[in-house]
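Written below as structure tokens is the structure these notes are about.
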There are 2 protein chains.
Amino acid sequence: MPDIADKRLSSVDRAYGAIKDMVIAYRFKPGERINEVELAKRLEVSRTPLREALNRLVSEGFLSFIGGRGFFCREFKPREIYELYQLRAVLEVAAARMASEQATDEEVDELERFLDETGPDDGQRTSEEMVALDEAFHNHIMRFARNAEMRNLLNNLNDRIRFFRWIDMDSRRQRTQNEHRNILDAIRCREPERAAALMQGHIGRRLDEITSGIKEGYSRIYLSSAGID
Amino acid sequence: MPDIADKRLSSVDRAYGAIKDMVIAYRFKPGERINEVELAKRLEVSRTPLREALNRLVSEGFLSFIGGRGFFCREFKPREIYELYQLRAVLEVAAARMASEQATDEEVDELERFLDETGPDDGQRTSEEMVALDEAFHNHIMRFARNAEMRNLLNNLNDRIRFFRWIDMDSRRQRTQNEHRNILDAIRCREPERAAALMQGHIGRRLDEITSGIKEGYSRIYLSSAGID
DNA sequence: GGACACTGCATTGTATACAGATTGGAAATT
DNA sequence: AATTTCCAATCTGTATACAATGCAGTGTCC
């Protein structure tokens, strides 16, 4: 996470990081218009670098833009979240298959140690922490797949759906660890199809439940953005 | 393709479209530094909207950026092209599977008519035309998959690898049509796994041959950009 | 009472100015 | 001859100004 006040960074980078964090944390309401002058004042940059950062965030799917009207926090229609999850599943299933073929034994051992150290859940963790650990596991797998483009894309998707993963994390604390261990075992045994099938089950099975989860997500979004400002 | 001179479009949009077309057509050499003042003059916009467009193109993978030094045409290392192809294969294999489950019978018929009308190759087509038809077929499949995020991503990937698809199109004019018909048949029969396997073969088999093709691609890039200006 | 036009304010779109960083090349030094 | 230093020209990074567009609130007309 880039420091917003770090003067070594360019104004564009500072604005970019700050706004992205704000979008991820739902400090903007979905569909809310972004006032450039006000935001520029808040971030202590001028509108020129601010708009460069906003343009980048539009390309990355965090904001939308309507000519003549300005920039908006992107909306999260249930269908869109569903599609993001679906793409994430496609990517991660492929990554599991590729990891089974390309991960080194050392990498597999390292990931197993990670699982040993971080689990099982003692019941004290927040949803945020659980998601972070979950993400870390999946990022390991993706690194084993040796494809930087896919890795960047997964990072982008994770940033965009993180909030909604909080919601359904509660219901599967226990199962997650076991499923992760099974996936890792398939990779260790060099069984791409089994790894892919397990990953498909691990992510894909939740797809149907997501639509309902989004409603709860929305209520939390409005709560949090109302409570902070 | 947006008209560069269309004054109804904003300066940012005009610059964005023009630069993207230039990158796709390799009017910049890989790694070439982009002079903002000169490019702004050529496109008849000021540096402010130009830089907004350049920032968008960085996020979309068409350009790179180094703070303090400026914008550069992205380089195409063999490894990167390989990874883009690989991601494309992952996406399209998933799309074939999803299309088998979700395409309507009418859509399948429509795509079959498209194949009837555009093939077989009479030997008169250029590589560019062949790639355009190939892309159109694959875009149909992707539309059947009902995922806008994946569709956008595929469009982005196609724009970024189009040049290299010209190179290996020559060698497989005939086979392409047959493979397309087989894939469509699997979708029609609602056999997701067969569709996926055929798509995997159709795209994935070429992955190994790509690295060598890139060298030829590079020579064409330098020829074309030298010849036009 | 409701629809519509008008007007002033707020906001975006773009050009330009200028400060600071970078680069390439000439001159000086080893 | 090769390397380094320094300087001027060039280029990027950012702020600001102003024009153009959109928006909301008011009043008017039907």
Side-chain angles (χ1 to χ4, degrees), chain A residues 2-20 22-23 27-60 62-75 229, chain B residues 2-20 22-23 27-60 62-75 229:
Chain A
D3 186 351
I4 293 165
D6 188 343
K7 293 293 181 186
R8 289 169 305 185
L9 264 52
S10 70
S11 300
V12 177
D13 288 337
R14 274 182 290 134
Y16 171 83
I19 300 165
K20 188 164 154 183
M22 290 168 79
V23 174
R27 302 292 299 273
F28 302 110
K29 291 191 190 64
E32 176 185 350
R33 181 180 186 167
I34 292 175
N35 184 316
E36 295 175 17
V37 176
E38 183 194 338
L39 186 57
K41 199 170 296 177
R42 185 126 64 101
L43 301 180
E44 298 182 288
V45 299
S46 78
R47 281 179 59 223
T48 305
L50 175 69
R51 282 178 57 103
E52 293 185 11
L54 291 169
N55 271 282
R56 281 170 63 176
L57 290 162
V58 169
S59 287
E60 292 170 13
F62 293 97
L63 302 174
S64 62
F65 174 77
I66 303 175
R69 305 215 25 236
F71 296 87
F72 299 81
C73 180
R74 78 174 291 240
E75 303 223 39
D229 250 335
Chain B
D3 186 350
I4 294 165
D6 188 342
K7 291 296 180 185
R8 288 169 306 184
L9 264 51
S10 71
S11 299
V12 178
D13 288 336
R14 276 181 288 134
Y16 171 83
I19 300 165
K20 188 165 156 184
M22 289 169 79
V23 174
R27 301 293 299 273
F28 302 111
K29 290 191 190 64
E32 176 185 350
R33 181 180 186 167
I34 292 175
N35 184 317
E36 295 175 16
V37 176
E38 183 195 339
L39 186 57
K41 199 170 296 177
R42 185 128 63 101
L43 300 180
E44 297 181 286
V45 299
S46 77
R47 282 179 58 220
T48 305
L50 175 69
R51 283 178 57 102
E52 291 185 12
L54 291 169
N55 270 283
R56 280 171 62 176
L57 290 162
V58 169
S59 286
E60 292 170 12
F62 293 97
L63 302 175
S64 62
F65 173 78
I66 304 175
R69 307 216 23 236
F71 296 87
F72 300 80
C73 180
R74 78 173 289 235
E75 302 223 39
D229 249 336

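Chain identifiers are assigned alphabetically (A, B, ...) following the order of the sequence lines, protein sequences preceding nucleic acid strands; residue numbering begins at 1 within each chain. As the structure is a prediction and not an experimental result, all values here were calculated from the model.
First and last contacts of DNA chain C with chain B, using any nucleotide atom under 4.0 Å from a protein heavy atom and ordered 5' to 3', fall at C:dT14 to C:dT23.
With rounding to whole Å, A:Glu44 atom CD is found 17 Å from D:dG13 atom C1'. The distance from atom CD of A:Glu52 to atom P of D:dG13 is 8 Å, rounded to the nearest whole Å. Atom CZ of B:Arg51 and atom C1' of D:dC11 are 10 Å apart (whole Å). The separation between B:Asn35 atom CG and D:dC11 atom C1' is 7 Å, rounded to whole Å. To the nearest angstrom, P of D:dT21 lies 17 Å from CD of A:Glu36. The interatomic distance linking B:Glu38 (CD) with D:dT12 (C1') rounds to 15 Å, in whole Å.
Considering every non-hydrogen atom in both A:Ala53 and A:Ala15, the closest pair reads CB-CB, 3.9 Å. Between B:Ser59 and A:Ser59, the closest heavy-atom pair is CB-CB, 3.5 Å. Of all heavy-atom pairs between A:Lys20 and A:Phe62, the closest is CE-CZ, 4.0 Å.
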**Item:** Worked check of side chain to side chain donor-acceptor pair (under 3.5 Å) between B:Ser11 and B:Arg14
**Value:** CA-CA 5 Å; B:Ser11 299; B:Arg14 276 181 288 134; 3.1 Å; yes
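Formation of a donor-acceptor pair under 3.5 Å by the B:Arg74 side chain with backbone atoms of B:Val23 is not found in this model.
Looking only at side-chain heavy atoms (C-beta outward), B:Phe65 and B:Leu54 stay at 4.5 Å or farther from each other.
Nucleic acid contact for B:Phe65: sugar-phosphate only, since backbone atoms but no base atoms lie under 4.0 Å from a heavy atom of the residue. The residue A:Thr48 sits close to a base: some heavy atom pair falls under 4.0 Å. Contacts of A:Arg47 with the nucleic acid, taken as non-hydrogen atoms under 4.0 Å apart, include base atoms. Residue contacts for B:Ile34: at a heavy-atom cut-off of 4.0 Å it reaches the sugar-phosphate backbone alone, with no base atom in range.
Each of B:Gly67 and A:Gly67 was assigned the nucleotide of DNA chain D with the nearest heavy atom; the assignment lying further toward the 5' end belongs to B:Gly67.
Ranking D:dG22, D:dT14, D:dT12 by closeness to the B:Arg33 side chain, first place goes to D:dT12.
No option in B:Glu38, B:Glu52, B:Glu36 other than B:Glu36 meets the salt bridge (charged side-chain N to carboxylate O under 4.0 Å, His left out) test with B:Arg47.
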